[in-house]
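As a basis for the values below, the full set of heavy atoms in this structure was taken, side chains included, without hydrogen atoms, waters or symmetry mates.
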Amino acid sequence: MLLDALLLQLGYNATLVAIGATLLGISAGVTGTFLFLRKRALVSDAVSHATLPGVCIAFLLMAAFGGDGRNLIGLLLGSAVSAGVGLWCLNWLTRNTRLAEDAAIGAVLSVFFGFGVVLLTVIQTLGVGRQAGLEGFLLGSTAGMLWADAMIIAGGGAATLVLIMLLRRPMTLVAFDPEYAAARGLNVSRIDMAMMGLVMAVTVVGLKIVGLILIVALLIIPAVTARFWTERSDRVVLLAGLAGGIAAYIGAAISASAPNVPTGPIIVLMAFALFALSLLFAPNRGVLAAVLRHLRFQRRVHLRQGLLALATGQPIYEKMTLRLLQKSGLMRADGVATEDGVARAAKALRDEKRWEIVRADQSHEAAAALYDGLRAIETVLTPDQITDIDARIGGPKGVAS
Amino acid sequence: MLELASNLGQAPKAEDLSKSPLSIRGLTVSYGQKPAVFSVDMTVEAGKMTAIIGPNGAGKSTMLKAALGIVPPVSGQVQVFGRSLDEQRARIAYVPQRASVDWDFPTRVIDVVLMGLYRELGLMGRVRAKHRATAMDCLARVGMGDFADRQIGQLSGGQQQRVFLARSLAQGADLYLLDEPFAGVDAATEKAIISVLKSLREAGKTVVVVHHDLATVNDYFDNVFLINTRKVAEGPVAEAFTAETLQNAYGGRLATAQVDQLAKALA
């Protein structure tokens with residue numbers, strides 16, 4: 001069943017939902033990256049919670065005028081309007097009061113959401129229209145989704161993606177260095193506004209699938225996941241889109257094969273799984289890599305200290321140093337250096353002297369920046385440069401390098 | 001130093017500011033109700049290096065930011081090469097304080113310098129070999145050619161400052177405004193930066209630097225602008241950078257011994 005869903009074999013509707021969700025996931029991941037880089041991740045949480053009153057009011061209005069209260073376009077328009085009002089309140093509070101942005105987020109989020117829940121309860125007691133399914137906007141639901149609904153979601157996601165491609169350069173510049181961007185004549189507040197507008201669009205489009213409570217996760221988790229794998233902002237954007245797309249696709253497929261499970265939480269759990277994998281296994285920033293790096297570093301420090309002690313004839317007290325030296329065949333069990341150990345120690349001492357010169361010489365600045373007390377000097381300098389440095393050291397020649 | 005005009009009753013004549021790369025008239029900037037900069041006039045001389053000097057909190061950086069429209073002024077006019085700021089943006093290169101950005105941002109040194117080419121690249125333009133070559137050339141000028149592919153978080157403070165300078169060089173501007181470029185940098189960086197700035201002056205560019213080290217003013221700069229919320233003095237170093245003007249700008253904040261020492265250096 002799940003395999004069928006993953007391979008898009010569950011019929012026309014489920015396939016559409018999966019494709020729509022994937023597009024939404026990609027655009028949420030990409031949009032969220034700029035939010036994350038601008039360090040305004042939580043603003044999206046306020047925006048998404050602020051959609052609820054709009055959804056309810058739109059439902060009431062459409063039902064009151066005799067229409068179908070569940071028309072998706074109507075509901076999404078309503079949610080966009082109230083999200084816009086929420087965003088405006090947030091900006092006004094941060095700009096014109098002494099409230100910091102985090103406090104303003106808390107205020108807007110809770111008030112709008114609380115109001116929305118009251119409206120939702122009122123709708124349920126009134127029994128107007130066919131309100132069943134409205135609470136699907138809270139946690140997302142793909143059950144009973146129509147072809148037209150899926151098209152709106154896919155189209156909205158794709159349009160957002162195109163806009164982001166257009167704005168990526170100014171948004172990156174503003175996220176990295178807003179003062180410089182302003183000095184170049186960019187209108188920083190307008191670019192921020194555009195970014196929040198895109199976030200709002202993703203939120204509104206994603207309401208039906210992920211739900212307003214969890215859309216923040218689809219905006220932020222992919223960006224944070226991607227950050228583990230690269231040090232370049234353009235790649236963070238691409239990887240975040242990929243992570244968001246994969247999470248949304250698998251989540252939508254699972255939810256299609258088990259219709260009673262809300263879609264949003266499944267998608268978020270999928271995104272979290274990717275995040276957890278990255279957190280643990282990413283090559284540079286991952287936890288495992290950090291532990292291994294530290295252990296390796298510790299061994300190299302001990303070996304180096306041991307060799308320098310051998311070279312200068314100082315006693316070694318540290319147990320770990322002794323063990324490492326003996327294990328590497330540099331020292332005999334009785335504490336005397338082996339032939340190999342003597343040679344390596346002499347080389348270590350000579351490298352220390354070479355580094356001393358490199359670090360004092362401005363023309364070797366790039367190499368000196370790599371100095372960590374351990375690195376073999378051959379990895380940063382050419383043989384010619386080393387010969388040159390050795391000539392400056394003077395002293396006995398012919399030490400193996 | 002304000003004096004009552006003797007020609008009260010006549011309209012004052014407008015000055016010709018078209019020759020000055022940056023002229024500021026009546027600039028007031030305030031955070032809340034307290035002015036950080038009050039009614040300041042400044043006329044930067046073309047082709048010269050000018051230092052903006054004053055005690056902490058005197059409004060040095062604020063004045064620069066307001067002149068560039070980064071901070072909105074309460075009042076005041078700014079002209080750049082005799083025209084409005086927005087018409088002349090492309091001719092100005094600004095180097096913000098190093099501490100104003102997050103250096104863990106996922107970007108490489110070369111990408112930061114390429115930001116200087118923002119106008120050439122436009123919204124969708126691809127980064128081509130010639131753009132890369134320009135960026136590499138700018139990095140080489142600040143002695144950072146070997147660092148192009150490094151993540152910016154790996155740089156020392158002085159190296160970060162030089163990357164910022166390289167980004168401004170990439171713009172090919174005529175007026176350079178630097179905010180505390182020598183704050184907390186190593187001697188090698190200071191040397192590299194000052195030699196780049198001097199070569200800019202040689203090429204006929206104008207350089208304005210917010211500066212805090214009184215001891216190097218004589219060596220580095222042609223003109224000084226002393227400020228302590230209000231303008232204190234402006235002009236060639238020999239005339240405007242004296243024990244008296246320093247006392248006026250710093251008041252009690254500069255130890256008397258320091259003033260004496262500087263006065264000796266100036267004599």
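- Within 6.0 Å of the CZ atom in B:R25, the count of heavy atoms belonging to other residues, nucleotides or ligands exceeds 12.
- In this structure, chain A has a heavy atom under 4.5 Å from the side chain of B:I152, while its backbone stays farther away.
- The side-chain tip of A:R169 does not point at the ring of B:Y118 from less than 6.0 angstrom away and within 45° of straight on.
- With respect to chain A, the highest number of heavy-atom pairs below 4.5 Å among B:S156, B:P106, B:S100 belongs to B:P106.
- Ranked by heavy-atom pairs under 4.5 Å with chain A, the list B:A90, B:G116, B:G153 is led by B:G116.
- Around atom CZ of B:R128, no more than 12 heavy atoms belonging to other residues, nucleotides or ligands sit under 6.0 Å away.
- Both the backbone and the side chain of B:D104 come within less than 4.5 Å of a heavy atom of chain A.
- Within a 6.0 Å sphere centred on NZ of B:K198, other residues, nucleotides and ligands contribute more than 12 heavy atoms.
- Heavy-atom contacts from other residues, nucleotides or ligands closer than 6.0 Å to OH of A:Y371 number more than 12.
- Around CD of B:E87, the count of heavy atoms belonging to other residues, nucleotides or ligands within 6.0 Å exceeds 12.
- Relative orientation of the A:F176 and B:F105 rings is tilted, given thresholds of 30° and 60° on the angle between their planes.
- Residue contact with chain B, scored on non-hydrogen atoms closer than 4.5 Å, involves the side chain of A:R285 exclusively.
- Counting heavy-atom pairs closer than 4.5 Å to chain B, the top residue among A:A183, A:A181, A:P178, A:A175 is A:A183.
- Residue contact with chain B, scored on non-hydrogen atoms closer than 4.5 Å, is absent for A:L167.
- Considering only heavy-atom pairs separated by less than 4.5 Å from chain A, the leading option among B:Q154, B:M144, B:Q159 is B:Q159.
- Heavy atoms closer than 4.5 Å to chain A are found nowhere in B:D86, neither backbone nor side chain.
- Side-chain contact check for B:Y94 versus A:E179: some heavy-atom pair is nearer than 4.5 Å.
- Heavy atoms closer than 4.5 Å to chain A are found nowhere in B:I92, neither backbone nor side chain.
- Contact count against chain A (heavy-atom pairs under 4.5 Å) is highest for B:D102 among B:D146, B:D102, B:D179, B:L85.
- For the residue pair B:Q171 and A:Y180, the shortest heavy atom distance occurs at OE1-OH, 2.7 Å.
- Contact of B:R119 with chain A is made through backbone and side chain together, with heavy-atom distances under 4.5 Å.
- Ranked by heavy-atom pairs under 4.5 Å with chain A, the first of B:R167, B:R89, B:R150, B:Q151 is B:R167.
- Ranked by heavy-atom pairs under 4.5 Å with chain A, the first of B:A192, B:G122, B:G143 is B:G122.
- Interface residue B:V112: only side-chain heavy atoms are found under 4.5 Å from chain A.
- A:S233 has its side chain out of reach of B:D111: every pair of non-hydrogen atoms, C-beta onward, lies at least 4.5 Å apart.
- Contacts between B:K65 and chain A at a heavy-atom distance below 4.5 Å involve the side chain alone, from C-beta outward.
- For chain A, the nearby part of B:F147 is the side chain; its heavy atoms alone come within less than 4.5 Å.
- B:M124 has its side chain within reach of A:L166: a pair of non-hydrogen atoms, C-beta onward, lies under 4.5 Å apart.
- A:R235 does not touch chain B: none of its heavy atoms, backbone or side chain, sits under 4.5 Å away.
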